[in-house]
Amino acid sequence: MDEAIDDRSVCIRVLGPTSVTLRGRSITPTAPKPRQLLLLLALRRGQVVPVSTLMEEIWGDDIPRTGTTTLQTYVVQLRRLIADSLPVQSQRAAKELLATRLNGYQLMATSSSFDLREFERLAADGDTALNLGDAAGASRYLGQALDLWRGPALMDVSVGRVLAIEAIGMEEARMRVLERRILADFHLGKHAALIPELRMLVEQNPMHENFCALLMIAFQRSGAAWRALEVFRNLRKNLVEEFGVEPSGRLQELHQAVLANTPELSLREYGLA
């Protein structure tokens, strides 16, 4: 009987430069298409990924007539990398770790160390803490989640149609966690300290209404209402020029509140808490 596979030795990193290691050794191919194949299987580890999905990722709508055979070749290459990382006596282990299923393949790494799952766990802990009124705990958990990012998701992979959607989802999750961490810091009274970060975020995302609203409130609470009004003017200008629409009703209400010099603007009142 071959030596059992220790799934915990599989380590997956996708939040920035990508890597998949087994027993401390890389099994990540350098060739683009096998790399895409491994990362898609890793993202869906423990699940059967249909051959049709794998082909769509690798070739899009231009699947060659030899697509099935070529895909099988890529799988053989991945299994060879896996085998090189396993003890010599584990002859069948590579096929057990990267298993062939009916009409698909499955990476059997359900207990792996996985930065995306750790990010999601910390984000959930942060949400729970924030909902319970523990702003300090929320800021800590959400900050730890964001610290796992070492660059854009899948930054060194030539993504196809399927992985592109996965990457968009991960980036949207990061933006949401960042927004929640900023909210936690607002509850801790750190509005002035948040201004430089929020200014950078608004510069990078000039039509992101929540970041603009948070920056407006941070400026207003710091005694710089005129700067809050400037943020709204820039947001309105960008939306009108780009899409021909006005800022949402809640942003316009916030604008009126700043004009009226309303003290201690409420995060909840403007859909931020």
Side-chain angles (χ1 to χ4, degrees), residues 6-21 38-49 53 106-157 159 162-191 193-194 197-198 200-202 204-205 208-215 217-218 250 266-273:
D6 180 6
D7 286 347
R8 291 170 298 179
S9 65
V10 179
C11 179
I12 303 168
R13 297 286 178 264
V14 296
L15 304 181
T18 57
S19 69
V20 183
T21 59
L38 177 62
L39 266 296
L40 181 51
L41 289 166
L43 280 170
R44 301 187 182 180
R45 82 279 180 273
Q47 304 175 32
V48 177
V49 184
T53 301
Q106 182 179 18
L107 186 65
M108 301 295 292
T110 56
S111 301
S112 62
S113 169
F114 192 179
D115 60 354
L116 177 59
R117 296 295 169 258
E118 179 67 6
F119 167 78
E120 291 170 343
R121 182 188 67 79
L122 288 166
D125 288 345
D127 277 344
T128 298
L130 193 57
N131 291 336
L132 293 174
D134 178 10
S139 179
R140 182 174 65 255
Y141 287 128
L142 297 170
Q144 289 172 353
L146 294 166
D147 287 343
L148 292 172
W149 287 74
R150 296 158 292 117
L154 305 173
M155 64 178 291
D156 55 357
V157 181
V159 299
V162 182
L163 282 179
I165 294 172
E166 297 278 358
I168 289 170
M170 285 185 267
E171 291 291 346
E172 288 179 347
R174 173 163 65 162
M175 292 290 278
R176 178 189 175 278
V177 169
L178 177 57
E179 185 178 328
R180 297 285 282 174
R181 198 226 79 226
I182 290 171
L183 282 174
D185 287 345
F186 257 94
H187 288 304
L188 294 172
K190 297 182 179 180
H191 45 270
L194 287 168
E197 181 180 13
L198 282 167
M200 180 184 68
L201 288 170
V202 168
Q204 294 170 343
N205 307 275
H208 193 294
E209 287 200 346
N210 281 3
F211 286 151
C212 289
L214 288 166
L215 182 55
I217 293 174
R250 65 189 178 94
S266 167
L267 294 171
R268 186 174 301 279
E269 185 175 347
Y270 301 104
L272 298 168

Taking the side chain as every heavy atom from C-beta outward, state whether [X] and [Y] have any pair of such atoms under 4.5 Å apart.
X      : Y      : result
Leu154 : Met170 : yes
Leu148 : Leu122 : yes
Val14  : Phe114 : yes
Glu197 : Leu214 : no
Met175 : Phe211 : yes
Val49  : Leu107 : no
His187 : Leu267 : yes
Arg181 : Leu194 : yes

Open item on the list: Tell me if a side-chain donor or acceptor on Asp134 pairs with a main-chain N or O of Gly137 at a distance below 3.5 Å.
Closed with: yes
Task: Arg13 (side chain) donor-acceptor with Ser19 (main chain) under 3.5 angstrom - done: no
Distance (rounded to the nearest 0.5 Å) between [X] [atom1] and [Y] [atom2]:
X      : Y      : atom1 : atom2 : value
His208 : Leu201 : NE2   : CG    : 8.5 Å
Glu166 : Ile168 : CD    : CD1   : 10.5 Å
Ile12  : Leu116 : CD1   : CG    : 9.5 Å
Leu188 : Leu183 : CG    : CG    : 11.0 Å

- [ ] Quick one: list whatever passes side-chain contact (heavy atoms from CB on, under 4.5 Å) with Ala218, sequence neighbours left out.
- [x] Phe186, His191, Ile195, Leu198
Task: Test side-chain contact (heavy atoms from CB on, under 4.5 Å) applied to Ser266 - qualifying residues, sequence neighbours left out - done: Arg268, Glu269
- [ ] Go through the structure and list residues passing side-chain hydrogen bond (donor to acceptor under 3.5 Å, both in side chains) with Glu171, not counting sequence neighbours.
- [x] Arg174
Task: Residues forming a side-chain hydrogen bond (donor to acceptor under 3.5 Å, both in side chains) with Thr18, sequence neighbours excluded - done: Arg35, Asp156
Open item on the list: Under a 3.5 Å threshold, yes or no: a donor from one side chain and an acceptor from the other, between Asn210 and Arg250?
Closed with: yes
Open item on the list: By the side-chain hydrogen bond (donor to acceptor under 3.5 Å, both in side chains) test, which pairs, at least two apart or in different chains, include something from residues 137-149?
Closed with: Ser139-Asp185
Open item on the list: Does anything in residues 115-124 form a side-chain hydrogen bond (donor to acceptor under 3.5 Å, both in side chains)? List the pairs, not counting sequence neighbours.
Closed with: Asp115-Arg150, Arg117-Glu120, Glu118-Arg121, Arg121-Asp125
Taking all heavy atoms of [X] and all of [Y], pick out the closest pair and write down the distance.
X      : Y      : answer
Leu272 : Ala213 : CD1-CB, 3.9 Å
Val20  : Ala42  : CG2-CB, 4.2 Å
Ala123 : Val177 : CB-CG2, 3.6 Å

Task: Derivation and outcome, side chain to side chain contact (heavy atoms under 4.5 Å, CB included), residues Arg44 and Thr53 - done: CA-CA 12 Å; Arg44 301 187 182 180; Thr53 301; 3.8 Å; yes
